[in-house]
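The structure that follows is given in the form of structure tokens.
To find a chain, count down the sequence lines: A is the first, B the second, and so on, and within it residues start at 1.
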Number of protein chains: 2
Amino acid sequence: MARRSGSSGEKTAVALHEAAVRLFARHGFAAVSMRQIAAEVGVQVGARYLYTADKQTLLNDILGGHMEQLLATADETLPRTGAAADRLAAFVQFHIRYHVLRPEKVFISYMELRNLTEDNFAAIEVLRRRYEDLLEDILKAGKAGRDFHITDTRLTTLAMIAMLTGISTWYKSGGRMTQEEIEAHYLEMVNNMVGRPLAAELLASPS
Amino acid sequence: MARRSGSSGEKTAVALHEAAVRLFARHGFAAVSMRQIAAEVGVQVGARYLYTADKQTLLNDILGGHMEQLLATADETLPRTGAAADRLAAFVQFHIRYHVLRPEKVFISYMELRNLTEDNFAAIEVLRRRYEDLLEDILKAGKAGRDFHITDTRLTTLAMIAMLTGISTWYKSGGRMTQEEIEAHYLEMVNNMVGRPLAAELLASPS
DNA sequence: GTCTATATTACGATAGAC
DNA sequence: GTCTATCGTAATATAGAC
């Protein structure tokens, strides 16, 4: 993705990357041509190949870049110590906010995995697993400390991530609920899932 | 694959449908050509058009057929009366079993929505919403009867369906857990989500 | 850094032979 | 019921001009 020098090419590089993300999200990788991406930013197809060797590399750059950035941001945002319940709440909030802000990249990163070559796919899967492990480590800590009542941390991890990521399939800002309300509600459901139905009990029997 | 001498059109029709499902699931609608589908069952591309008017109709037939069959099977399988908790358990079991048996159609029905024309998409969305409402009606009944402690039935519906459908992204028969174990575990999580952490409490403090 | 032009290949869809 | 042949279009990727 490096393409240096003080050229106007830097602007074009960014524009081409963003156009590709937008078009892939809307129509799918296979349905979008290099011509369309070029046209979207106002250059000809020949210029498109100055920035990425081929279409496969373009997809891999988008997916790999997304996962790398997700992991880097998670690393610098999430606390590594403290009560498991607090760490879980932090993860839920982080995951929702990060994904709701980048619906297109999230969508592509899930939908276009099968259009990666075998090697590229394997590398992305390693990153994906690393992200899942951030959550599973929290669940394991909570289970070990008897804060969480979980039968299988791996299955719960997958269930939670599927549930949380699903938000970005329907979320629109300005919808029926604010992002804060959605976060609060999903946190409540996540707490319930780990056997800490605090909010539910309070709501069910107010004193 | 094999080419039959006096083969009937009915066999070819079924084979072409199944080949399309398999190829679309593996490579995506836009990435698969009518030629490939025909070749997969051993006929030429000209014959492919004897069975479906065009590629868009083929996709719509697959997605529409899947949703219609899902709704029909749900209608004849799920109880419409009884305790909300029992109806919820029945829904969870039905959903998991139906989806785990048809991973390819489930995958396509979610991934290829954007490749439908506007009209076809709208029709599929109606069916999808109708299925979601089967679950939401159960949640509403449980909430009204104070069996479930739910803040927002619509949000909980979407969260549960995302969580349950996610199973088909990783499930392989012969994996670490049996299908029965997976069902039991997901039912436990679903019960927790609606504020009925029965299993978790029993496990946490056995007498 | 971007353009135009082009080589090569493949697509969806149809027509007419058998 | 299926085949072969074909039309018109568009794809990826490259070469060379400016």
Side-chain angles (χ1 to χ4, degrees), chain A residues 1-24 26-63 108 112 114-117 120, chain B residues 1-24 26-63 108 112 114-120:
Chain A
M1 205 113 45
R3 173 82 192 176
R4 39 159 308 113
S5 93
S7 61
S8 81
E10 193 56 37
K11 272 193 163 72
T12 307
V14 173
L16 283 171
H17 186 89
E18 289 174 354
V21 169
R22 192 166 49 246
L23 290 171
F24 287 167
R26 181 129 42 196
H27 307 290
F29 171 76
V32 173
S33 70
M34 296 293 258
R35 273 183 169 78
Q36 281 172 51
I37 299 168
E40 183 86 357
V41 309
V43 298
Q44 294 301 312
V45 62
R48 175 56 276 223
Y49 285 88
L50 297 175
Y51 296 92
T52 316
D54 54 32
K55 206 183 171 191
Q56 170 67 211
T57 304
L58 175 60
L59 181 63
N60 192 46
D61 285 351
I62 291 173
L63 267 61
I108 297 173
E112 304 298 354
R114 64 190 163 175
N115 283 309
L116 290 173
T117 60
N120 288 341
Chain B
M1 216 77 123
R3 167 132 176 73
R4 300 173 45 85
S5 48
S7 66
S8 73
E10 191 53 39
K11 273 195 163 71
T12 307
V14 172
L16 283 171
H17 187 89
E18 289 174 354
V21 168
R22 192 166 50 246
L23 290 171
F24 288 167
R26 182 130 43 198
H27 307 291
F29 171 76
V32 174
S33 70
M34 296 294 260
R35 277 180 169 80
Q36 281 172 54
I37 299 168
E40 183 86 358
V41 309
V43 299
Q44 293 301 311
V45 61
R48 174 55 276 220
Y49 285 89
L50 298 174
Y51 296 92
T52 317
D54 53 33
K55 207 183 171 192
Q56 170 67 211
T57 304
L58 175 59
L59 181 63
N60 192 48
D61 285 350
I62 292 172
L63 267 61
I108 298 174
E112 304 298 354
R114 63 190 163 175
N115 283 309
L116 291 172
T117 60
E118 212 172 330
D119 285 357
N120 288 341

Next item on the list: Return the value, rounded to whole Å, for the distance between atom CD1 of B:Ile37 and atom P of D:dT2.
Entry: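 Taking atom P of D:dT2 as the reference, CD1 of B:Ile37 is at 16 Å.
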Margin query: Between P on D:dA11 and OH on A:Tyr49, what's the gap in Å once rounded to a whole number?
Written below: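 The answer, rounded to whole Å, is 10 Å.
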Next item on the list: Write down the distance between CG (B:Asp54) and P (D:dT9), rounded to a whole number of angstrom.
Entry: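 Distance check: B:Asp54 CG to D:dT9 P gives 18 Å.
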Next item on the list: For C:dA5, take OP1 and OP2 only and decide whether either is under 4.0 Å from a side-chain N or O of A:Gln44.
Entry: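 So the side chain of A:Gln44 is outside the cut-off, no N or O lying under 4.0 Å from OP1 or OP2 of C:dA5.
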Note to self: Please confirm whether the shortest side-chain N or O distance from A:Thr12 to OP1 or OP2 of C:dG1 is below 4.0 Å.
What the structure shows: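 For C:dG1, neither OP1 nor OP2 has a side-chain N or O of A:Thr12 closer than 4.0 Å.
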Check: So how far is it from B:Leu116 CG to B:Arg114 CZ, rounded to the nearest 0.5 Å?
Finding: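 It comes to 11.0 Å.
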Next item on the list: Could you tell me the separation between the CE atom of B:Met34 and the P atom of C:dG12, rounded to a whole number of Å?
Entry: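 Nearest whole value for this atom pair: 7 Å.
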Note to self: Nearest 0.5 Å, please: how far is CG in B:Asn115 from NE2 in A:His27?
What the structure shows: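 One gets 9.5 Å once the value is rounded to the nearest 0.5 Å.
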Next item on the list: Side chain of A:Val45 only, please: which of C:dA13, D:dA13, C:dC3 is the nearest?
Entry: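 Of the options given, the side chain of A:Val45 lies nearest D:dA13.
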Notebook entry, point to check: Starting at CG of A:Leu50 and ending at P of D:dA15, how long is that distance when rounded to a whole Å?
Noted result: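 Taking CG of A:Leu50 and P of D:dA15, I get 13 Å after rounding.
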Note to self: Would you say A:Ser33 places a side-chain N or O within less than 4.0 Å of OP1 or OP2 belonging to D:dA10?
What the structure shows: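 For D:dA10, neither OP1 nor OP2 has a side-chain N or O of A:Ser33 closer than 4.0 Å.
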Notebook entry, point to check: Between C:dC11 atom P and B:Arg35 atom CZ, what is the distance in whole Å?
Noted result: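 Spelled out: CZ on B:Arg35 to P on C:dC11 is 6 Å.
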Check: Base, sugar-phosphate, or nothing for A:Val41, non-hydrogen atoms under 4.0 angstrom?
Finding: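 Nothing: the residue A:Val41, judged by heavy atoms under 4.0 Å, touches no strand.
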Check: A:Glu40 side chain to A:Ala19 main-chain N or O, any donor-acceptor pair under 3.5 Å?
Finding: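 The answer is no, because no donor-acceptor pair under 3.5 Å joins these two groups.
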Item checked: Integer-rounded Å distance: C:dG1 P and A:Arg48 CZ ->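 Atom-to-atom, A:Arg48 to C:dG1, this comes out as 14 Å.
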Item checked: Spacing of A:Asp61 atom CG and A:Thr57 atom OG1 [to the nearest 0.5 Å] ->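 Answer for the CG-OG1 pair, A:Asp61 versus A:Thr57, is 6.5 Å.
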Next item on the list: Please answer whether the main-chain N or O of A:Leu59 pairs with a side-chain N or O of A:Glu112 as donor and acceptor at a distance below 3.5 Å.
Entry: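 Not at all, since once roles are kept as given, no pair shorter than 3.5 Å links the two residues.
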Notebook entry, point to check: What does B:Gln36 touch in the nucleic acid at a heavy-atom separation under 4.0 angstrom: a base, only the sugar-phosphate, or nothing?
Noted result: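 If one applies the 4.0 Å heavy-atom cut-off, B:Gln36 turns out to touch the sugar-phosphate alone, with no base involved.
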Check: Does A:Tyr51 put a side-chain nitrogen or oxygen below 4.0 Å from OP1 or OP2 of C:dG1?
Finding: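 Result: no.
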Next item on the list: Figure out the CG/P separation between B:Leu16 and C:dG12, and round it to whole Å.
Entry: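 The answer, rounded to whole Å, is 14 Å.
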